[in-house]
Protein chains: 2
Amino acid sequence: MQNLLSNLKITINEKLYVKDPETSELGLNILKNSILLIDEIGFEAFTFKKLGERIQSNESSIYRYFENKHKLLVYLTSWYWSWMEYRMAFATTNVSNPVEKLEKAIKLVTENIADDNATPHINEGILSRIIVEEFTKTLMTKEVDNENKEGFFLVYKRVINRIIDIIKEVNPNYPFAKSLASNIVEGSLHQHFLKNHLKTITNLSEKECATEFYTDMAKKILL
Amino acid sequence: MQNLLSNLKITINEKLYVKDPETSELGLNILKNSILLIDEIGFEAFTFKKLGERIQSNESSIYRYFENKHKLLVYLTSWYWSWMEYRMAFATTNVSNPVEKLEKAIKLVTENIADDNATPHINEGILSRIIVEEFTKTLMTKEVDNENKEGFFLVYKRVINRIIDIIKEVNPNYPFAKSLASNIVEGSLHQHFLKNHLKTITNLSEKECATEFYTDMAKKILL
DNA sequence: CAAATATAATAGTATTACTATCAAAGTTCA
DNA sequence: TGAACTTTGATAGTAATACTATTATATTTG
């Protein structure tokens, strides 16, 4: 994975940034440390001023890369889903058996993520924690509809569409392929959140992932 | 439902308010109009100042009822889940067949909610929209663990626990009763969100509810 | 070497999320 | 009736946030 991904430049919707952060030292530093800082103090408490202090740079310099912290978060989550899409494409090509393909796809979106060292400036393990704790907040704003039109959530939808296609291959007669796919992806994030914070209403324990639960679900529903 | 509920005083965790809003005109006005205003402009843009202007009262007066807008939102969502719990208890008592009981419970948490006129100061239909758009934000903060210890989310967990119990009645051998229950409740909110904003990744159409999808899911998994 | 570009530093604005104080109005009850 | 208490309103003030604008400085590039 490492070698393949290090050649891959993940492309992000240009409307999400003012200046492409991948093109400079400062930009890469913003990406790297925003992930660490959001993970540490949470997105609400995260500000460009605090990030500036941390990377010994100025608030105003960060504004030259991102209009506001919301767009930075959408950038980071887009990166994550793009990375996920790539891994999914890689894991499912040349798998002829649809059930096996579905199992692999579900595993990818439900498992615990560790840093894969693919990119030095992005720690995928920590980024995945941010996805669990903050991703839905990128959607749940009064600007969703506009931002959706602008294509901010395209990559996320593309990941779900891949799963929808596999579900249809497994069982073309199942009438809720879209809802099942989105339920698995979003539901998995939520189960991870619950295992960390509201442990009494999930079966996942501390270090467990959601793979077993959702694989079982998909198979019972589709087969 | 109407008559029964009008006699019911929904009790909310005392730590959520400074002064019980149900004990005065101003308090009831705060509840009523905060629901309308949050629905209109979204929770991010909602402030006590704007609410004060709307109800022709003063910002400082609202602070005498709620410490901050987050606690007000937790209050409102607690009210909703308490109301839901009551409806669920009512709908499932004296139903001996577990499958039928499960169907009724799933219907309640997945259907579209209309104002039931049970309480003049709370429009349940609009409140349910707030639940869809804002509820997860009450959980996804850096303070979840503390607030969970303080019992802020007890009512929500109680609703899910009722479903867990019914699932166990239906199939005592199913190993993921907790995750299935929390998945249905949270997942249903998410599907409603998707049908409003990201229509391409859900099968629910405009005015449809999530009942059919989740009833089908539960039955295929448990029976 | 000049021009262009990137970053840093500083200052400033409007809004938010409060806290504090004091006055006015209404209510209670002795 | 009138003193005491409660509730609300009005005003002012603070620290932090989320920016924008300007200018200086350093670096790169052609």
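Labels below follow one simple rule: chain letters A, B, ... track the order of the sequence lines, proteins then strands, and each chain is numbered from 1. When reading the values below, keep in mind they use all heavy atoms of this one structure, side chains included, and skip hydrogens, waters and symmetry mates.
Nucleic acid contact class of A:Ser24 (heavy atoms, under 4.0 Å, all strands): sugar-phosphate only. Residue contacts for A:Lys69: at a heavy-atom cut-off of 4.0 Å it reaches the sugar-phosphate backbone alone, with no base atom in range. Contacts of A:Tyr63 with the nucleic acid, taken as non-hydrogen atoms under 4.0 Å apart, include base atoms. In this structure, A:Thr47 reaches the sugar-phosphate backbone alone: every heavy-atom distance under 4.0 Å involves primed, P, OP1 or OP2 atoms, never a base. Across all strands, B:Phe66 comes closer than 4.0 Å to no nucleic acid atom at all (heavy-atom distances).
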Stepwise side chain to side chain donor-acceptor pair (under 3.5 Å) check, B:Glu147 with A:His197:
CA-CA 10 Å; B:Glu147 296 187 349; A:His197 302 294; over 6 Å; no

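One interatomic measurement links the two molecules: CG of B:Leu51 to P of C:dA17, which rounds to 13 Å at whole-angstrom precision. Between the CG atom of B:Asn29 and the P atom of D:dT7 there is a distance of 17 Å, given to the nearest Å.
Residue B:Gln56 is the one, among A:Glu67 and B:Gln56, whose nearest nucleotide of DNA chain D lies closer to the 5' end (criterion: closest heavy atom). Take the nearest nucleotide of DNA chain D for A:Asn58 and for A:Phe46: the residue whose nucleotide is more 5' is A:Phe46.
Between A:Tyr80 and A:Trp83, the ring planes are tilted. Angles from 30° to 60° get that label.
Listed nucleotides D:dT8, C:dC18, D:dA21 differ in distance to B:Leu26; the shortest reach to its side chain belongs to D:dT8. Taking the side chain of A:Glu59 as heavy atoms from C-beta on, and the options C:dT7, D:dA18, D:dA21, the nearest nucleotide is D:dA18. The nucleotide whose nearest atom lies closest to any side-chain atom of B:Arg64 is, among C:dA8, D:dT8, C:dT16, D:dT8. Checking C:dT7, D:dT7, D:dA10 against every side-chain atom of B:Ser60, the shortest atom distance belongs to D:dA10. Closest approach to the B:Lys19 side chain among C:dT7, C:dA9, D:dT7 is made by D:dT7 (side chain taken as heavy atoms from C-beta onward).
Phosphate contact (OP1/OP2 of D:dA16, side-chain N/O of A:Lys50, threshold under 4.0 Å): absent. At D:dT8, one or more side-chain N or O atoms of B:Tyr65 fall inside 4.0 Å of OP1 or OP2 (strictly under the cut-off).
Residues A:Phe66 and A:Phe48 place their aromatic rings such that the two centres sit no closer than 6.0 Å.
A:Thr202 and B:Ser179 are linked by a side-chain donor-acceptor pair at a separation below 3.5 angstrom, with hydrogens and angles left out of the test. Of the N and O atoms on the side chains of A:Asn203 and A:Lys195, not one donor lies less than 3.5 Å from an acceptor on the other residue.
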